[in-house]
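Chain A is the first sequence line, chain B the second, and so forth, proteins listed ahead of strands; every chain is numbered from 1. What's counted below: heavy atoms across the whole structure, side chains too, no hydrogens, waters or symmetry copies.
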There are 2 protein chains.
Amino acid sequence: MSHSSHQIAKIIATPIAVPDPPLLNCAGIHAPYALRIILEVVTEGGILGVSEIPGNERSMEAIRSIQGLLVGKDVLQLSQILSIVRDEIEEPSDERGGAPHDARLAVHIFSAIEVACLDILGKMLEVGVVDLLGGRMRERVPFAAYLFYKRKGAGGTYGYETQPDISGWEYHRQAEGIETEDLVAQAISMVDTFGNKSIKLKGGPFVPEKEVADMHALYDHFGPDMPLRYDPNAAWSYDTGVQWGKKLEGVLQYLEDPVKGQENMANLRKEVNIPLATNMCTTSFSQIPNSVRVHSEDIILSDHHFWGGLRSSIELYRICKTFGRGFSMHSNSHLGISMAAMIHLGAALPEFDYDLDTHYPWQNEDVIVGGKIPIEDGCAEIPDGPGLGVEIDREQLKKLHQNYIDCGITERDDEFEMQKLDPSWRFVEERY
Amino acid sequence: MSHSSHQIAKIIATPIAVPDPPLLNCAGIHAPYALRIILEVVTEGGILGVSEIPGNERSMEAIRSIQGLLVGKDVLQLSQILSIVRDEIEEPSDERGGAPHDARLAVHIFSAIEVACLDILGKMLEVGVVDLLGGRMRERVPFAAYLFYKRKGAGGTYGYETQPDISGWEYHRQAEGIETEDLVAQAISMVDTFGNKSIKLKGGPFVPEKEVADMHALYDHFGPDMPLRYDPNAAWSYDTGVQWGKKLEGVLQYLEDPVKGQENMANLRKEVNIPLATNMCTTSFSQIPNSVRVHSEDIILSDHHFWGGLRSSIELYRICKTFGRGFSMHSNSHLGISMAAMIHLGAALPEFDYDLDTHYPWQNEDVIVGGKIPIEDGCAEIPDGPGLGVEIDREQLKKLHQNYIDCGITERDDEFEMQKLDPSWRFVEERY
């Protein structure tokens with residue numbers, strides 16, 4: 001059986017730059033723009049599928065190297081497409097390695113194509129992508145409030161200046177969030193605005209004393225019914241992890257990547273009585289056997305961009321359930337297309353273990369028609385409409401692409417951005 | 001999004017009895033009929049999906065208990081359907097246990113519904129089921145020649161008589177196959193007829209001395225380029241397994257279930273230098289963690305009827321690849337609908353490790369329009385046409401259902417059948 005209407009006629013990749021507030025992490029600070037790529041796959045039958053991945057000029061080059069090879073391929077032939085992507089895009093390893101951000105290309109790009117193909121398939125059948133992943137186990141997907149230490153600023157400029165006359169969440173989105181009281185105020189505002197039922201803090205920029213004290217401040221304010229998570233992004237040495245991990249016992253729902261490497265995580269897991277989550281020590285299927293052998297974490301935070309797509313994420317979910325691991329989702333700065341994909345995946349999970357992470361409230365622009373997908377009562381509804389249920393806003397795409405051309409940022413480098421503020425600053429693994 | 005056209009309007013289950021030759025195994029002998037259930041799922045939109053599973057009156061009762069609950073469900077909501085099946089059909093364990101044949105109900109019945117729903121989905125999209133499983137990695141799926149020790153007879157009667165004037169494979173399908181020369185002749189005829197590129201013998205009925213000698217006779221005849229497999233169905237004690245396994249080193253491509261239990265398999269694997277395969281010691285996702293821990297086998301022989309469907313089998317495949325295990329497929333006596341499902345799955349596997357098993361040449365009747373799916377050069381092509389690509393032959397279904405009513409067999413009991421020939425015969429685990 002062959003259907004020319006399913007064949008890929010065209011793949012369009014558009015790099016964009018999205019205003020991103022100056023959020024701090026152990027690798028430095030977010031640049032005024034986060035770089036994403038919007039992928040569009042058009043079939044011979046004229047159906048458009050869309051997706052969104054992190055990306056830069058290097059990713060664009062890799063996409064260009066496969067674009068021609070995929071024209072004429074059936075959108076259902078995902079295993080064949082994966083083979084082509086793997087053959088063409090050489091990667092030193094399928095593991096993320098020690099980089100502060102996942103810089104792998106093949107998994108990202110295959111994920112972009114897979115999600116767009118599922119969007120197309122959903123449109124063909126007039127069903128949601130969730131319905132292609134085993135179906136709807138819930139109509140609303142819960143997300144955690146994702147707190148950041150931050151400098152003043154809304155993103156989109158290098159000035160780190162807030163706008164006048166703002167209030168509510170928009171104030172906290174732009175305000176400085178470093179002192180404990182500012183961080184707690186950020187949390188209160190986020191939870192008030194979006195109704196989240198759990199809170200995560202991205203740690204790493206400050207000494208454990210401060211960050212652990214801030215987690216206690218959040219706990220004191222929100223009480224034991226608000227699950228808290230904390231992620232020092234493996235900035236801690238093993239000894240620091242044990243010492244400060246113990247001080248978070250009874251405070252956290254889970255501790256994310258306190259230390260680097262599966263063995264360190266496994267050892268720390270025996271010392272500290274808090275479930276451990278990861279999106280750093282177990283980031284590819286090739287790392288699963290050792291994860292199982294040493295039991296490096298209790299929860300894997302998947303990311304469909306990093307694990308090779310939505311179907312692969314469902315396979316990872318099955319592995320997690322088979323081996324008694326929890327499953328949830330990691331996030332980077334992203335827009336509504338990635339958000340939609342995450343919601344569809346989250347809605348399809350037979351068991352829902354932990355509210356998903358998302359940076360989504362930190363961006364005030366979007367690339368989809370109708371603007372940002374609402375988060376209410378901590379949940380986002382499955383977008384209505386076939387496929388992902390989102391459509392590209394052409395004006396916004398044009399504007400965000402112009403940002404990409406104008407902003408001069410060609411790759412994510414949080415260290416470089418930090419050095420603009422403090423020239424002596426260096427990224428170091430195991431800072432504390 | 002809701003589509004009434006995807007809703008299940010009706011589920012029809014028809015028990016059938018298929019003439020089956022008197023094949024021997026460690027549990028006894030095949031009855032004159034093998035029992036199967038043909039499942040038909042019809043949507044409100046009038047699309048018919050079909051599937052086939054092993055089954056009997058007990059399975060029919062279980063199907064009746066869920067039939068009404070599934071009416072109105074969307075065929076894409078497979079996770080919801082699985083929940084209903086699991087909630088309604090109580091099962092003592094999701095493991096196969098020590099039974100000579102897999103008697104679990106929930107996985108079989110969910111598999112039946114899932115395959116029929118995928119058949120429907122394929123028909124909606126006008127694509128093959130393979131195209132819903134990641135797509136076509138090959139157009140032809142290789143099967144091994146599956147040899148049996150057997151009594152004289154074609155099945156369908158208790159007389160164990162051959163018909164006059166038959167030749168070629170049909171002669172060997174009916175002839176006695178116990179003496180070494182008859183078994184080798186059976187193998188030659190099967191390979192001549194179907195072009196198989198590998199051979200499996202179902203062992204277990206006879207002492208290891210004879211069966212191992214027969215494997216050597218096959219090796220002597222076919223030479224080292226014909227991969228051989230041998231499956232004593234865990235009829236061996238551990239010591240027997242080590243002793244006789246060693247005598248098969250250099251002769252076998254793999255040794256299937258020489259002994260019972262993951263620990264025994266794992267220990268034997270260290271003693272005997274032949275890859276071990278299983279469809280007995282690791283038969284459910286709940287057994288995977290211990291399989292990985294002790295390394296009980298090298299190859300898992302999946303069976304979509306036993307592992308909860310085709311998507312689940314793809315998930316098992318991913319687990320196998322993640323943990324460095326080979327993946328292939330087990331078979332019971334079956335007709336063309338199960339064969340089609342196996343072909344679609346086999347065609348979708350990104351890596352194809354070992355020719356699949358099938359009993360298919362042993363049945364001379366079928367339930368699909370056009371008669372049996374051909375096996376040529378050892379391969380079966382993906383059936384043309386949407387979904388599974390097969391259609392029910394209504395006359396045949398009627399006839400095979402009448403067999404079910406007339407034959408008086410209500411469950412598979414190879415021991416009971418054997419006792420008709422030898423009243424003193426008893427099934428014993430670890431016979432040798």
Side-chain angles (χ1 to χ4, degrees), chain A residues 1-3 5-6 73-83 86 114 117 121-122 124-128 130-138 284-289 291-293 309 311-312 314-319 321-325 347-351 382-387 389, chain B residues 1-3 5-6 73-83 86 114 117 121-122 124-128 130-138 284-289 291-293 309 311-312 314-319 321-325 347-351 382-387 389:
Chain A
M1 306 200 73
S2 163
H3 294 277
S5 65
H6 302 168
K73 282 279 159 202
D74 186 316
V75 293
L76 286 165
Q77 303 308 318
L78 292 167
S79 296
Q80 290 181 28
I81 290 172
L82 178 59
S83 293
R86 278 209 186 122
E114 192 241 18
C117 288
L121 190 54
M124 282 179 178
L125 277 168
E126 293 182 36
V127 301
V130 58
D131 301 312
L132 305 172
L133 301 173
R136 289 155 199 257
M137 297 304 280
R138 60 200 62 82
S284 67
F285 288 96
S286 67
Q287 291 175 304
I288 292 283
S291 153
V292 165
R293 186 160 47 243
R311 291 156 55 262
S312 233
I314 290 282
E315 291 170 354
L316 174 63
Y317 168 86
R318 187 68 180 247
I319 289 177
K321 293 295 118 180
T322 299
F323 289 93
R325 301 293 192 273
L349 302 174
E351 295 170 33
I382 304 172
D384 214 15
Chain B
M1 306 202 74
S2 163
H3 292 278
S5 65
H6 302 168
K73 283 278 158 201
D74 186 316
V75 294
L76 286 165
Q77 303 309 318
L78 292 166
S79 296
Q80 291 180 27
I81 291 172
L82 178 58
S83 291
R86 278 209 186 121
E114 193 240 19
C117 288
L121 189 54
M124 282 179 177
L125 277 168
E126 292 181 39
V127 301
V130 58
D131 301 311
L132 305 173
L133 301 173
R136 290 156 199 258
M137 296 304 280
R138 59 200 61 80
S284 67
F285 288 96
S286 66
Q287 291 175 305
I288 293 282
S291 152
V292 165
R293 187 159 48 241
R311 292 155 56 262
S312 232
I314 291 281
E315 290 170 356
L316 175 63
Y317 168 86
R318 186 68 180 249
I319 288 176
K321 292 295 121 180
T322 298
F323 289 94
R325 302 292 190 276
L349 301 174
E351 295 169 33
I382 304 172
D384 214 14

**Q** Measure the spacing between OG1 of B:T322 and CD1 of A:I319 and express it to the nearest 0.5 Å.
**A**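 B:T322 atom OG1 to A:I319 atom CD1 measures 4.0 Å (nearest 0.5 Å).
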**Q** Counting only heavy atoms closer than 4.5 Å, note whether B:S286 contacts chain A via side chain, backbone, both or neither.
**A**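 Neither part, no heavy atoms under 4.5 Å.
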**Q** Between atom CZ of B:R136 and atom CD of A:Q77, what is the distance when rounded to the nearest 0.5 Å?
**A**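 The CD atom of A:Q77 is 6.5 Å from CZ of B:R136, to the nearest 0.5 Å.
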**Q** So which of B:K321, B:R311, B:E315 has the biggest tally of heavy-atom pairs under 4.5 Å with chain A?
**A**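 Maximum pair count with chain A is reached by B:E315.
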**Q** When rounded to the nearest 0.5 angstrom, what distance separates CG in B:L78 from CG in A:L133?
**A**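 Going from the CG atom of B:L78 to the CG atom of A:L133 covers 11.0 Å.
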**Q** Can you confirm whether A:R318 sits close enough to B:L316 that some side-chain heavy atom of one is under 4.5 Å from a side-chain heavy atom of the other?
**A**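 Not in contact.
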**Q** Heavy-atom distances under 4.5 Å only: say whether B:P350 touches chain A with side chain, backbone, both or neither.
**A**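 For B:P350, side-chain heavy atoms alone lie under 4.5 Å from chain A.
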**Q** Does atom CZ of A:R86 have more than 12 heavy-atom neighbours, drawn from other residues, nucleotides or ligands, at distances under 6.0 Å?
**A**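 Check fails, neighbour count at 12 or below.
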**Q** Rounded to the nearest 0.5 Å, what separates atom CG in B:L121 from atom CG in A:L121?
**A**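 Spacing of CG (B:L121) from CG (A:L121) equals 7.5 Å.
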**Q** Count the heavy-atom pairs under 4.5 Å between each of B:A348, B:P289, B:S83, B:S312 and chain A, then report the option with the highest count.
**A**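 Among B:A348, B:P289, B:S83, B:S312, the one with the most close pairs to chain A is B:P289.
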**Q** Does B:H6 reach the side chain of A:V127, with side-chain heavy atoms less than 4.5 Å apart?
**A**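 Yes, side chains in contact.
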**Q** Based on non-hydrogen pairs under 4.5 Å, which of A:G135, A:G389, A:G134 is most in contact with chain B?
**A**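 Counting heavy-atom pairs under 4.5 Å, the top option is A:G134.
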